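Below: one structure, written as structure tokens.
Worth knowing before you read on, the calculation uses all heavy atoms, side chains too, and leaves out hydrogens, waters and symmetry mates. Atoms within a ligand are numbered from 1 in the order they appear, just like the ligands themselves. Remember, it's a predicted structure, so these values are computed and weren't measured experimentally.
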Amino acid sequence: MESIWSKTCGMKQRSPLSGDLHTEAVIIGGGMAGILTAYQLERSGIRTVVLEAERIGSGQTKNTTAKITAQHGLICRTLAEKKGKEVAAQFVMANQIAVEEFEKVIQDEHISCDFEPCSSYVYSDNEQALREEAKMAASFGLPAVFTDQIEIPVPCAGAVRFDRQAKFHPLKFLDALAQQLTIYEQTPVLDAEEHSVKTASGQVTADYIIFATHFPFINFPGMYFARMHQKRSYVLALADAGILNGMYIGDQSDSLSFRQYGRYLLLGGQGHRTGENKDGGNYERLRQKARHLYPGSREVACWSAQDCMTADQIPFIGHYAAERPDWFVATGFQKWGMTSSMLSAMLLRDLICGIKNPYADVFAPSRFSADELSQIVRDSGKAVSGLTKRFFQIPEETISMLQPGHGAIVETDSGKAGVYKTDDQKIYQVDIVCPHLGCQLAWNPDERTWDCPCHGSRFDYKGNLLTGPAQRGIHND
Ligand code: FES
């Protein structure tokens, strides 16, 4: 399954690191946040190196819907209620500045990436909530209004519209911006110390270390594993579905998302927590909705995305932990990875350059959140038992009962095992203990992967690591 972005953009390949080097800043992770942070630091005169485990943009950046917007749901009301109006205002203004920075960078660097200014909309059945959101956002200085004029075939009371938002092709943008940066691909980081990071092919020493790896893989200090979980959602690219000017999302967790890319409508939905997808069928349910809403449309691509969720809906951008003053982090972007990436790049640039940024405190990972406590309790509850390592013999009857193309957890004499039978009857068995912090993995029938319900690590059916925070696979050897 390949996203419309991967299908329509070849990325230049870069060499792995070979040998040791010293630089002022090293960034771990070559997704949108890592590349933008490198760009902002270099532009401020800080020599920066990016280390990417695979290829740049090959993680969540290639799976985004690529909306550039400060409108993260009905966020003004939500944050005003949880944290007060001042924090809500700072949150949306910081994001609006990040939206506008994209246009500046694209113009300054003459990047051709299908960038298009447009309006974004949040639709809902609750007219009062929409009107309150529009009024509050406008009072904060955002270009926001309530409207009942919407283009999507979904019954609702109307929408909040933010003008001066945008959309683009994320990989075309990333590839162009990356041309001027020092990047090593196929260079997974194995460990980090105060001012050095280790890889299999060399060590990088640096004054500053920035973790831009989607989910931070150093557990202590920081304890990000106890402060975030991950969610999956699904996207279809549809041809012959008409043309949509705005970008749309509903205010409910099961609402659909809509945006146009060229001739294609991108329809998103079916969100669920990673590791909680026992029955599968998410692509099929989304296809049913597509057939209902856009009869006559034709699917040209389908893919899924994974997002890091924080308890207070605000990303963690800033110092990694008090014990590591020269480590920085950008994570927890919710469903808004593009705008949050630019915001991270600007905030981290200012922190490292010693420039006072008026929005830094809102996003500081050190902020206290009472909500986080209940999240931690929920996450601990998901750290289920079944920590028996290794198994050897899968009972014959289990193998024969398993349908081709299906996976399951089975009991063996030596404990629990993960088993997958391919369409041509080949059996793969894996260790179902997550190598991150030991939760039991769950089978994901939609993607044919093993997913962790605790913090969202994912593995293919052969046991290869797909997504961290785990740093290794689950091969049964
Ligand atoms: Fe943390 Fe699996 S991702 S235990």
Side-chain angles (χ1 to χ4, degrees), residues 28-29 31 53-54 59-60 63 188-192 211-233 271-278 304-311 315-316 320-321 329-334 337 365 372-391 407-409 415-418 420 429-476:
I28 308 172
E54 294 180 22
Q60 299 315 310
N63 296 332
V189 169
L190 306 174
D191 202 4
F211 293 80
T213 52
H214 182 67
F215 199 124
F217 62 88
I218 299 284
N219 294 319
F220 302 100
M223 290 181 63
Y224 290 94
F225 64 86
R227 311 170 77 188
M228 294 193 296
H229 66 278
Q230 299 204 62
K231 270 189 149 176
R232 298 192 64 66
S233 55
H272 62 81
R273 184 173 170 137
T274 305
E276 292 182 351
N277 184 29
K278 260 208 334 261
S304 59
Q306 180 147 311
D307 298 302
C308 282
M309 315 303 282
T310 63
F316 293 126
Y320 197 96
V329 67
T331 187
F333 294 169
Q334 316 290 114
E372 286 190 358
L373 290 176
S374 58
Q375 181 67 47
I376 290 167
V377 170
R378 276 201 300 279
D379 279 339
S380 312
K382 286 178 186 291
V384 291
S385 57
L387 301 184
T388 310
K389 271 286 223 195
R390 303 284 176 263
F391 61 96
I409 293 175
K416 291 178 177 174
Y420 171 68
Q429 58 187 74
V430 295
D431 206 340
I432 40 93
V433 178
C434 180
H436 178 226
L437 288 170
C439 291
Q440 180 175 295
L441 302 174
W443 177 245
N444 175 347
D446 283 324
E447 310 285 346
R448 300 190 182 189
T449 56
W450 293 100
D451 296 355
C452 182
C454 290
H455 317 108
S457 291
R458 298 179 62 240
F459 310 85
D460 69 17
Y461 61 75
K462 295 180 181 170
N464 299 312
L465 176 67
L466 295 173
T467 311
Q471 283 183 284
R472 61 180 172 80
I474 48 168
H475 307 99
N476 179 37

Mind reading off the angle at atom 1 (Fe) of ligand 1 between the ND1 atom of His455 and the ND1 atom of His436, rounded to 10°?
-> 100°

Report yes if the distance between the aromatic ring centroids of Phe225 and Phe215 is under 6.0 Å, otherwise no.
-> no

Looking at Phe316, Tyr224, Tyr320, which one forms a ring-ring contact (aromatic ring centres under 6.0 Å, His included) with Phe211?
-> Tyr320

List the closest protein heavy-atom neighbour of atom 4 (S) of ligand 1: residue, atom name, distance to the nearest 0.1 Å.
-> Leu437 N, 3.3 Å

Looking only at protein heavy atoms, identify the closest one to atom 3 (S) of ligand 1 and say how far it is in Å.
-> Ser457 OG, 3.2 Å

Going by the order shown, which atoms of ligand 1 are within less than 4.0 Å of some heavy atom of Cys439?
-> 4 (S)

Can you tell me how far the CG atom of Asp460 sits from the CZ atom of Arg448, to the nearest 0.5 Å?
-> 12.5 Å

For ligand 1, which part of Cys452 has a heavy atom less than 4.0 Å away: the side chain, the backbone, both, or neither?
-> side chain

Is it true that the side chains of Thr467 and Gln306 contain a donor and an acceptor less than 3.5 Å apart?
-> no

Ignoring hydrogens and angles, state whether a donor on the side chain of Asn277 or Asp451 is under 3.5 Å from an acceptor on the partner side chain.
-> no

